[in-house]
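Since this is a predicted model, take the numbers as computed values, not measurements.
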Amino acid sequence: MSIISENVIPGNHGKVFGTNAKEANDLRRIEENLLKIEGVKNVIFNDDFPVEFTVHTTKMVEIKEIEKMVKGLGFHAIPKGLFAL
């Protein structure tokens with residue numbers, strides 16, 4: 001494991017997560033709760049299936065913290081692979 005694979009790094013790339021949440025209300029709840037995590041700047045959802053969201057941060061945020069927050073809402077957040085350089 002490395003610092004890049006265990007954290008969301010600040011910048012334009014963000015980190016993409018897959019989720020099993022589908023309803024607009026559930027996605028809104030996920031966004032609202034993730035924005036409560038210190039350092040999370042924004043959360044962007046795609047409109048495709050499977051539903052994915054990208055988290056952008058202003059400082060390093062542990063992926064485990066994001067997964068725990070979403071799991072507490074009854075859904076999962078599975079991080080996708082590292083961004084391409």
Point to revise | Between CZ on residue F75 and CE on residue M69, distance to nearest 0.5 Å | key: 14.0 Å
**Study point:** Check: I78 and T19 side chains under 4.5 Å, non-hydrogen atoms
**Key:** no
Review point. Is N46 reaching over with its side chain to a backbone N or O of E52, donor-acceptor style, under 3.5 angstrom?
Key: yes
Point to revise | Ring geometry between F45 and F53 (parallel below 30°, tilted from 30 to 60°, perpendicular above 60°) | key: tilted
Point to revise | Within one Ile-Leu-Val-Met-Phe-Trp-Tyr cluster: V43 and I9, side-chain cutoff 4.5 Å | key: no
Return a table of donor-acceptor pairs under 3.5 angstrom between the side chains of residues 31-40 and protein atoms on other chains or two or more places apart.
residue, atom, partner, partner atom, Å
E32, OE2, R28, NH1, 3.0
N33, ND2, R29, O, 2.8
E38, OE2, K59, NZ, 3.4

Review point. How about V61 and I66: do any of their side-chain heavy atoms sit closer than 4.5 Å?
Key: yes
Check your understanding: At what distance, to the nearest 0.5 angstrom, does NZ of K68 lie from CD of E62?
Key -> 10.5 Å
Check your understanding: Does P10 offer a backbone N or O that forms a donor-acceptor pair with the side chain of H56 under 3.5 Å?
Key -> no
**Study point:** Which atom of V8 lies closest to which atom of K15, heavy atoms considered
**Key:** CG2-CB, 3.7 Å
Point to revise | More than 12 heavy atoms from other groups under 6.0 Å of NZ on K41 | key: yes
**Study point:** V16-L27 co-clustered via ILVMFWY side chain contacts under 4.5 Å
**Key:** no
Review point. Side chain of N7, backbone of M60: donor and acceptor closer than 3.5 Å?
Key: no
Exercise for review: State the CZ-NE2 distance between F17 and H76, to the nearest 0.5 angstrom.
Suggested key: 12.0 Å
